[in-house]
Structure formats: structure tokens, C-alpha cells
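Have a look at the structure below, then the notes.
Remember, predicted model here, so these are calculated numbers, not experimental data.
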Amino acid sequence: MPDSAPDRSAVEAARSDFRARLADADSDQKLKALHDEFLSRKSGSVTGLMKTLGSLAPEARREFGQLVNTLKTEIESALDERRAALESTRQPAGAVDVTLPGRRLPMGRVHPLMRVRRDVEDIFAHMGYEILEGPEVEDDFHNFEALNMPPDHPARDMQDTLYLDAPIVGGTWGAHREQVPESQVRAATLLRTHTSAMQIRYMKTFPPPVRIIVPGRVYRRDNLDLSHTPMFQQFEGLVVGEGITLADLKGTLEAMLRALFGDVKVRLRPSFFPYTEPSAEVDVSCRACGGSGCGTCKQTGWLEILGSGMVHPAVFEAVGYDPERYTGFAFGMGMERVSMLKYGVDDIRLFYENDLRFLEQFPI
């Protein structure tokens, strides 16, 4: 026999359960789960109540059906209201939460080689030097012959030159390209082994006095290891005028090296370069041990830093200067060598590996 009275307590229990669960529904996913739990056509709680209508008497069935439909309407309305409330508090797409802390942007660093180059250029700019750049592809005359290195000179073997398969005809240089005489435009046959070639081009174009430095990349046939690389950077300086002496060279180098390294001692040792006479290697006192001797300086207390000397008369003759009237000095130094000593870097390859962990160790 059908039941004569509907089970009102089951409806109230479902209503109370829904209200308790609705308080914790704070996302679209939870609202959908709550909807499915109560209103799903197959397994929802309200659907289960509707399925009990068949077991009731006709009068009770009508009354119980109204109770269940009212509960269903209440649940649907409550879910819709909660969805609208969530939608009203949701930020639009692409919105920015101004209450969040700012994001730190990665900061770039000046490469240590560029840092040293700027330091060197600043030092010599304050001394009144002109800063020049020249072609990296050179001809034999400017790179060797005019620097007192004829074809059979043994000093050419020291350069380990990289020659081109085919010469490049023409070419100009620097900010003075419109002033280059036609006689200076030759077929380029090699990658320059030093920036001294630019000194020849400048002297062939401008009369004394001369006071220039030439920074830039140079190339030699070297294997890549701790202290060698086939491409490296250097700068060379040249001063020409009347009455220029070795004392002027020494004073200039001391001023430059102390500006770069601080309070260091400087010494000149006799050496040989084909384009200077007399020639000198320049050392600075070891910063690691203060000159007392350590592994860095091989227990000598000194570190070799650059080569220099008085310009050879043959170089003046090659560019049309009167060697009886003019004297001058020249010097050259590698940017990598300075950077390694200045920052304590023991592997030249680190400068060219683009490792951010290495670059981040230097100041901004």
C-alpha cells in the first residue's frame, strides 16, 4: 500500500545540508560539484526525493512533490546568486592587481672587457689623446711592412697571421675616411694582428704632433686555452712630436697603470720589437702579494702587462716623417690581460662564454 504521509524530514535534511555546503562553495568548480550532488538527473539528492513520489498516496504525492519542487527552486536560485556573486568579484582578463609587490626586473651588466676599454679611453681622453678605430681587415703594408717588418723579417713568424683566401680591394677607416689618400687604399689580405696598422694610416694622413690611442679587436692563429684566444682586444697608443723621450713614455705608462690598478709599482725591462728602438716590456707589482712573491706572479713579485718603446726611425721614414726632427713612443696592451689582472679572472675563455653567472659578479 502507498504511504499516506510524505516524509517532510527528508526535505528539511536536504535543505539544511545544502545550505551548509553552499557556505563553503567559493569557486566555480565547487558550485558545479554542489549542483551535481543535489540536482544531477541520475544521482542528485533532490532527484532521489522525486523518485520516492511513486510510493506515496495521491494526496501525499501532490504535497510532497510541491515540497521537493520548492527545494529544487531554492537550490537553483541559491546557486545562481552565488555564481553572480563570484562573477562580480572576479578580475577581468588582463587585469593588474596593484596590491601585489612589484616584480624585480633582471639588471644588465657592463661586460668586464668593455668596462676596461671605457676606463682606458677615459684615462687617455683626459690626457688629450684622440681615440680612433680602424679596419679589422688589413693589407700587408700597413700591418707589417711599414712597421719595419719586410717580407723576410723573422718577427712576422711571431704574429701567427690569419690570411684571407682572396684579397679585398678598397676600404677606408674611421672618422677620417674622406681624407684617406688613394695611395693608401690597398688590397686587404689578412686579419690585423695588432691595431698598430691604424697608427701607420694616421701618420700617412696627418703631420705631427700626434697623440692617439687605437682600441679594437685583433686576430692571431692561437688555440683557445686558459690564456690564449684567436680573437682578442687590445689598444695601442702613439705619441709623436719634437723632443719626445723615453721619460715621457715611462711617465705616461705609470699614470695609466696607476689609474687602472691603484698604487702599484711600475718597471721597464729591455726587450725587442721591430717597430720600436729601444723597446721595453712593462711590469707592474703583483697585487695579490704586494710584490713579495706568490703563485700568481711565479714568486717574482712582478706581472708583465704590456710592450712599449720609442718609435723606430724606419717607421717614420715609411710614413714620410723626418726621423731627424721627430721622435715618439708607442705602446700596446691587451684588454683581456688587464681585465684578468684587475678582476682576478684566471681563464680568458670566461670573457667569451656569455655565462650570466660570470657576468653577474661584476657591478652594474
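Residues Glu37 and Phe18 fail the side-chain proximity criterion, which asks for heavy atoms closer than 4.5 Å. A heavy-atom distance below 4.5 Å is found between the side chains of Met333 and Val338. Under the 4.5 Å side-chain criterion, counting only non-hydrogen atoms from C-beta, Val264 is in contact with Arg258. The shortest distance between side-chain heavy atoms of Pro274 and Phe272 falls below 4.5 Å. Looking at His228 and Asn223, their side chains never come closer than 4.5 Å, going by heavy atoms from C-beta outward.
One N or O on the side chain of His126 and one on the backbone of Asp122 form a donor-acceptor pair closer than 3.5 Å. With Ser77 contributing its side chain and Glu74 its backbone, the two residues share no donor-acceptor pair below 3.5 Å. Not a single donor-acceptor pair under 3.5 Å links the side chain of Asp283 to the backbone N or O of Arg267. Formation of a donor-acceptor pair under 3.5 Å by the Arg82 side chain with backbone atoms of Ala25 is found in this model. A donor-acceptor pair under 3.5 Å links the side-chain atoms of Thr89 to the main chain of Leu86, judged by distance alone. Between the side chain of Gln361 and the backbone N or O of Arg357 there is at least one donor-acceptor pair closer than 3.5 Å. Under a 3.5 Å cut-off, the side chain of Arg211 and the backbone N or O of Met127 do form a donor-acceptor pair. Side-chain atoms of Thr300 come within 3.5 Å of backbone atoms of Trp302 as a donor-acceptor pair (strictly under, hydrogens ignored). Between the side chain of His111 and the backbone N or O of Phe351 there is at least one donor-acceptor pair closer than 3.5 Å. Looking at Thr327, its side chain does come within 3.5 Å of a backbone N or O of Ile244 through a donor-acceptor pair.
Under the 4.0 Å criterion applied to side-chain N and carboxylate O atoms, Arg115 and Asp119 are not assigned as salt-bridge partners. No salt bridge links Arg192 with Glu133; every basic N to acidic carboxylate O contact stays at or beyond 4.0 Å. Remark: Glu121 does not engage Arg118 in a salt bridge, criterion side-chain N to carboxylate O under 4.0 Å.
The only member of Thr189, Leu164, Asn143 that meets side chain to side chain contact (heavy atoms under 4.5 Å, CB included) when paired with Val137 is Leu164. For the pairing with Phe329, the side chain to side chain contact (heavy atoms under 4.5 Å, CB included) check across Val240, Thr245, Leu249 returns one residue only, Leu249.
A distance of 12.0 Å separates CZ of Arg221 from OG1 of Thr193, quoted to the nearest 0.5 Å. Note that the CZ atom of Arg349 and the CG atom of Asp355 stand 13.0 Å from one another [nearest 0.5 Å]. Remark: Asp28 CG to Arg83 CZ distance equals 8.0 Å, nearest 0.5 Å. Remark: Ser308 OG to Leu246 CG distance equals 7.5 Å, nearest 0.5 Å. Distance CD1/Ile305 to CG/Leu260: 8.0 Å, rounded to 0.5 Å. Atom OG1 in Thr195 sits 11.0 Å away from atom CD in Gln233 (nearest 0.5 Å).
Between Tyr129 and Phe331, the ring center distance fails the sub-6.0 Å criterion.
Around the CG atom of Asp225, the shell of radius 6.0 Å holds more than 12 heavy atoms that belong to other residues, nucleotides or ligands. Heavy-atom neighbours of Arg269 CZ from other residues, nucleotides or ligands within 6.0 Å: above the threshold of 12. Heavy-atom neighbours of Glu353 CD from other residues, nucleotides or ligands within 6.0 Å: above the threshold of 12. Residue Lys342 qualifies as enclosed at atom NZ: its count of foreign heavy atoms under 6.0 Å is above 12. By the neighbour-count criterion of 12 heavy atoms within 6.0 Å, atom CG of Asp263 is sparsely surrounded, having that number or fewer from other residues, nucleotides or ligands.
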Walk me through whether Thr205 and Arg201 qualify under side-chain contact (heavy atoms from CB on, under 4.5 Å). CA-CA 6 Å; Thr205 305; Arg201 291 184 177 274; 5.5 Å; no

Would you please test Phe235 and Val116 for side-chain contact (heavy atoms from CB on, under 4.5 Å) and show each step? CA-CA 11 Å; Phe235 74 91; Val116 168; over 6 Å; no

Does the side-chain hydrogen bond (donor to acceptor under 3.5 Å, both in side chains) test come out yes or no for Glu138 and Tyr219, once each step is laid out? CA-CA 11 Å; Glu138 266 293 359; Tyr219 305 84; over 6 Å; no

Audit row: Ile212, Met198, side-chain contact (heavy atoms from CB on, under 4.5 Å) steps and yes/no: CA-CA 10 Å; Ile212 62 172; Met198 187 60 202; 5.8 Å; no

Show the numbers, then the answer: is there a side-chain hydrogen bond (donor to acceptor under 3.5 Å, both in side chains) between Tyr202 and Glu130? CA-CA 11 Å; Tyr202 189 90; Glu130 185 176 359; 3.0 Å; yes

For side-chain contact (heavy atoms from CB on, under 4.5 Å), just list the numbers for Leu31 and Leu22, CA-CA rounded to whole Å, side-chain angles, deciding distance to a tenth of an Å, and then say yes or no. CA-CA 8 Å; Leu31 285 176; Leu22 182 64; 4.2 Å; yes

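By the 30° and 60° cut-offs, the orientation of the rings of Tyr326 relative to Tyr321 is tilted. Aromatic ring pairs are classed by plane angle as parallel below 30°, tilted from 30° to 60° and perpendicular above 60°; the pair Phe273 and Tyr275 is parallel.
Shortest non-hydrogen contact noted between Pro112 and Phe358 is CG-CE2, 4.2 Å.
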